[in-house]
K.L.:
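Sharing a structure, written as structure tokens. Questions coming.
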Amino acid sequence: MPVLLALAAAALIAADTVTPLDPLRAFGSAVYGGLEDAASAGVRWASGAGRLEDLERENARLRAELLAVRRATPSPAEGNGYQVVSAHAVGFGRDGTVTIDAGSGAGVAPDMTVFDGDGLVGRVLRTGPGTATVQLATASGASVGARLEGSREVGLVTGVPEHGLLRLGLLNPSADVKPGDRVVTLGSRDLRPFVPDVPIGTVITVEPAPDALTRTALVRPFARFTALENVTVVLGPLPDTGPDKQAVTDTAAEASAARPEPEKKPEKAKKSKKKRAKKKDSSGHAEGA
């Protein structure tokens with residue numbers, strides 16, 4: 001039996017190395033995720049939550065607008081806000097992941113920010129047609145670029161899953177950090193995997209730094225990872241509707257309308273002038289004869 005188990009493990013490792021298992025994962029997500037989604041939808045419908053879908057979408061949109069307004073640093077969104085989609089947590093994994101009922105069919109893709117009404121939840125790890133797997137910020141392999149909201153000191157947040165906490169490592173070893181300080185996301189290029197200034201948590205204790213190379217602190221996350229329900233996925237920045245571009249267009253149109261057009265002589269006047277010249281010419285010839 002041990003030999004068979006060893007051979008099976010070797011075969012699976014070889015299959016994963018030689019033949020990617022993404023198609024199998026996608027198939028499993030479509031089947032198993034679809035069942036989870038259907039069961040969750042049935043429960044929500046039975047409890048009357050189906051009528052609240054519009055409110056949930058509106059809530060997700062307002063959360064995105066709030067994030068865009070409170071953003072302290074400029075980003076590619078240029079102040080226009082974010083495109084978002086609302087989703088429900090329909091399954092929880094032991095590896096620090098959660099399944100949501102929105103997938104590639106709704107525009108969800110890997111490395112997208114997920115948050116709820118309390119704060120950062122994590123990032124999208126992989127997607128299926130109707131569901132997606134989200135890596136929680138407290139997972140053992142998770143890392144999030146972060147900064148202190150007040151001093152804007154930059155650092156890195158990693159998960160401490162055994163305690164449901166986060167550990168913040170600041171780049172500045174002499175940074176002023178104390179319990180009660182709020183921690184927010186640093187933000188990523190093109191808003192993936194994390195958009196800037198999403199609330200992460202509050203510092204609860206500052207750890208001693210024997211090497212004096214970094215400053216670390218334990219952070220209690222705002223999001224309640226064991227009680228997730230409605231979440232919001234950031235798809236990207238809203239398309240630039242171009243208010244400045246529209247203003248330029250309107251100004252050009254106004255200038256064009258105000259510009260005087262060159263005068264055109266009436267056609268009849270030209271013809272009359274030609275006739276008079278011809279008549280004068282004829283009279284001259286007659287007198288000479």
Side-chain angles (χ1 to χ4, degrees), residues 25-26 29-30 32-34 36-38 40-41 44 49 52-71 75-77 80-93 95-139 142-146 157 159 184-201 221-239:
R25 287 196 183 115
S29 175
Y32 184 66
E36 283 184 319
D37 188 12
S40 176
R44 293 198 304 273
L52 300 179
E53 288 185 358
D54 292 339
L55 293 177
E56 290 173 356
R57 284 194 291 268
E58 180 68 9
N59 190 20
R61 185 184 65 81
L62 292 175
R63 287 177 187 169
E65 288 185 358
L66 180 61
L67 276 182
V69 168
R70 73 186 297 275
R71 189 171 54 230
S75 77
N80 287 339
Y82 305 116
Q83 296 184 72
V84 297
V85 62
S86 60
H88 302 88
V90 296
F92 294 83
D95 56 346
T97 61
V98 63
T99 302
I100 59 174
D101 62 352
S104 56
V108 179
D111 288 333
M112 287 184 172
T113 307
V114 183
F115 66 98
D116 66 359
D118 298 319
L120 180 70
V121 172
R123 69 179 180 91
V124 177
L125 198 59
R126 51 182 174 270
T127 61
T131 59
T133 301
V134 177
Q135 183 187 51
L136 301 179
T138 52
S143 61
V144 183
V157 164
V184 298
T185 55
L186 174 63
S188 309
R189 185 179 180 181
D190 298 329
L191 307 180
R192 294 171 68 174
F194 297 105
V195 299
D197 291 307
V198 181
I200 296 176
F222 290 127
R224 298 193 304 154
F225 297 105
T226 58
L228 293 175
E229 189 174 357
N230 298 323
V231 299
T232 300
V233 183
V234 180
L235 304 182
L238 283 173

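Worth knowing before you read on, the calculation uses all heavy atoms, side chains too, and leaves out hydrogens, waters and symmetry mates.
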K.L.:
Quick one: are Met112 and Leu235 in side-chain contact, heavy atoms under 4.5 Å?
P.N.:
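Answer yes - side chains close enough.
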K.L.:
With the side chain counted from C-beta on, respond yes when Leu120 and Val144 share a heavy-atom pair under 4.5 Å apart, and no when they do not.
P.N.:
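They are in side-chain contact.
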K.L.:
Determine yes or no for a side-chain-to-main-chain donor-acceptor pair under 3.5 angstrom, with Gln83 supplying the side chain and Pro237 the backbone.
P.N.:
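It does hold such a pair.
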K.L.:
If you look at every heavy atom in Gly119 and Ala223, which pair is closest and at what distance?
P.N.:
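Distance-wise, the nearest heavy atoms are O-CB, 4.2 Å.
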K.L.:
Treating Ser104 as the side-chain partner and Gly128 as the backbone partner, does any N or O pair qualify as donor plus acceptor under 3.5 Å?
P.N.:
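Yes.
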K.L.:
Is any NZ, NE, NH1 or NH2 atom of the basic residue among Arg192 and Asp111 found under 4.0 Å from an Asp or Glu carboxylate oxygen of the other?
P.N.:
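No, this pair does not count.
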K.L.:
Can you give me the closest heavy-atom contact between Ala89 and Leu228, atom names plus distance?
P.N.:
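Of all heavy-atom pairs spanning Ala89 and Leu228, the closest is CB-O, 3.8 Å.
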K.L.:
Closer than 3.5 angstrom, by distance alone: can the side chain of Thr127 be matched with the main-chain N or O of Ala132 as a donor-acceptor pair?
P.N.:
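Checking the backbone N and O of Ala132 against the side chain of Thr127, no donor-acceptor pair under 3.5 Å is found.
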K.L.:
Is there a donor-acceptor pair under 3.5 Å between the side chain of Ser86 and the backbone N or O of Thr232?
P.N.:
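The answer is no, because no donor-acceptor pair under 3.5 Å joins these two groups.
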K.L.:
Can you name the closest pair of heavy atoms from Pro196 and Leu191 and give their distance?
P.N.:
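Scanning both residues, the minimum pair turns out to be CD-CD2, 3.9 Å.
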K.L.:
I'd like to check Val195 versus Tyr82 (side-chain heavy atoms, cut-off strictly below 4.5 Å). Are they in contact?
P.N.:
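Yes. Closest side-chain heavy atoms under 4.5 Å.
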K.L.:
With distance as the sole test, does Thr185 use its side chain to make a donor-acceptor pair with the main-chain N or O of Val198 at under 3.5 Å?
P.N.:
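Yes; at least one donor-acceptor contact below 3.5 Å.
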K.L.:
What is the minimum heavy-atom distance between Thr138 and Phe225, and which atoms define it?
P.N.:
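Thr138 and Phe225 have their closest heavy atoms at CG2-CE1, 3.5 Å.
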K.L.:
Val84 versus Val233: any side-chain heavy-atom pair under 4.5 Å?
P.N.:
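Sidechains of Val233 and Val84: no contact.
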K.L.:
Spell out, as yes or no, whether a donor-acceptor pair under 3.5 Å connects the side chain of Asp101 to the backbone of His88.
P.N.:
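Between the backbone of His88 and the side chain of Asp101 there is a qualifying donor-acceptor contact (under 3.5 Å).
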K.L.:
Closest heavy-atom contact between Val184 and Pro199?
P.N.:
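Of all heavy-atom pairs spanning Val184 and Pro199, the closest is CG1-CA, 4.1 Å.
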K.L.:
Would a 4.5 Å heavy-atom cut-off, applied to side chains only, mark Ile100 and Thr131 as touching?
P.N.:
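They are not in side-chain contact.
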K.L.:
Would a 4.5 Å heavy-atom cut-off, applied to side chains only, mark Asp116 and Phe222 as touching?
P.N.:
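No; the side chains remain at least 4.5 Å from each other.
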K.L.:
Could you walk me through whether Phe92 and Thr99 pass side chain to side chain contact (heavy atoms under 4.5 Å, CB included), step by step?
P.N.:
CA-CA 6 Å; Phe92 294 83; Thr99 302; over 6 Å; no
K.L.:
Would you call Thr97 and Leu136 a side-chain contact if the rule is heavy atoms closer than 4.5 Å?
P.N.:
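No. Closest side-chain heavy atoms not under 4.5 Å.
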